[in-house]
Amino acid sequence: GVSLPSQDEDLLNDVCRELVERWSDSQAVGAKETKEDELRAISSMMEKQARIVVKPKEVSQEEQQRKAALLAQYADVTDEEEYPFPDCLGVTLSALNVPPALFRNTNVEDVVNARKLERELLRDEFQRKKEQDKLQREKDKLAKQERKEKEKKRTQKGERKR
């Protein structure tokens, strides 16, 4: 699992315990109004929990460049290959009988979109580089041919003088 500092772990356990208690209370109470309040409370607690668990990782510039190079190498990988897992959050919500509209985890979407954008940029850059390399090869080829022709003319002149 995820290793958390102990205070976060305690907080997480409290949040989970409270979640379960409130949910079972809301199951016992038949009144619709309290149910909606409970759902709102549960959603805010889940948001808190999400904020506790997700800690942004510092990524060094060098690491980003390495990753970019790798992505450029495998620019044709599709999203289906990259994200084979179904949305776990949706499963737990349906098990709780909570309408998924209350919780919409946009983290995964944001990451997917950011990766897509990054890949498109890298793909464009890669295409440009390929074009430039192609042009450079053409130039080199022409220069080589010209050198050969000059060399040929020079040697011919030398033979004529004899």
Side-chain angles (χ1 to χ4, degrees), residues 1-140:
V2 180
S3 63
L4 296 168
S6 60
Q7 73 205 35
D8 282 355
E9 220 168 281
D10 294 342
L11 191 53
L12 200 57
N13 289 337
D14 292 346
V15 169
C16 290
R17 208 174 301 114
E18 202 177 330
L19 244 174
V20 172
E21 283 169 19
R22 291 222 186 174
W23 182 73
S24 42
D25 288 350
S26 75
Q27 292 302 95
V29 178
K32 189 167 190 261
E33 291 171 334
T34 43
K35 249 193 176 155
E36 283 175 11
D37 291 343
E38 298 300 335
L39 289 179
R40 238 177 266 117
I42 290 175
S43 76
S44 74
M45 278 189 289
M46 283 184 112
E47 282 172 17
K48 274 186 215 157
Q49 182 179 350
R51 277 199 293 273
I52 295 166
V53 177
V54 180
K55 284 216 166 72
K57 196 180 86 172
E58 292 294 312
V59 183
S60 70
Q61 191 68 34
E62 188 185 44
E63 225 175 320
Q64 281 179 329
Q65 287 169 348
R66 233 197 329 260
K67 184 176 168 188
L70 267 176
L71 278 174
Q73 239 179 319
Y74 301 103
D76 296 326
V77 176
T78 64
D79 292 331
E80 287 77 27
E81 289 168 343
E82 210 166 325
Y83 300 100
F85 307 111
D87 184 9
C88 301
L89 189 62
V91 175
T92 53
L93 289 175
S94 60
L96 282 173
N97 268 339
V98 177
L102 278 179
F103 314 105
R104 183 143 179 269
N105 186 357
T106 57
N107 289 349
V108 176
E109 283 175 45
D110 293 344
V111 169
V112 171
N113 290 334
R115 288 246 175 101
K116 251 187 206 166
L117 191 66
E118 199 178 347
R119 258 203 315 274
E120 282 169 18
L121 289 172
L122 287 168
R123 197 177 295 140
D124 293 345
E125 214 174 287
F126 185 68
Q127 281 301 116
R128 266 200 307 279
K129 192 178 181 321
K130 249 167 71 170
E131 291 294 315
Q132 285 175 344
D133 289 351
K134 196 174 174 183
L135 288 173
Q136 192 56 48
R137 277 198 300 275
E138 294 281 320
K139 282 181 188 172
D140 292 349

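Predicted model, so just to flag it, every value in this text is computed and none were measured. As a basis for the values below, the full set of heavy atoms in this structure was taken, side chains included, without hydrogen atoms, waters or symmetry mates.
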Can you tell me how far apart [atom1] ([X]) and [atom2] ([Y]) are? Round to the nearest 0.5 Å.
X: Lys130; Y: Lys134; atom1: NZ; atom2: NZ; value: 9.0 Å
X: Glu21; Y: Cys16; atom1: CD; atom2: SG; value: 11.5 Å
X: Glu118; Y: Gln64; atom1: CD; atom2: CD; value: 8.0 Å
X: Glu18; Y: Leu11; atom1: CD; atom2: CG; value: 10.0 Å

Task: Check ion pair Asp133-Arg137 (N to O, under 4.0 angstrom) - done: no

Open item on the list: Looking only at the side chains, is there a donor atom on one of Gln136 and Asp140 sitting less than 3.5 Å from an acceptor on the other?
Closed with: yes

- [ ] Please report the shortest heavy-atom distance between Ile42 and Arg22, naming the atom on each side.
- [x] CG1-CB, 4.5 Å

Task: Matching residue for Arg17 among Val15, Asn13, Leu19 - test: side chain to side chain contact (heavy atoms under 4.5 Å, CB included) - done: Asn13

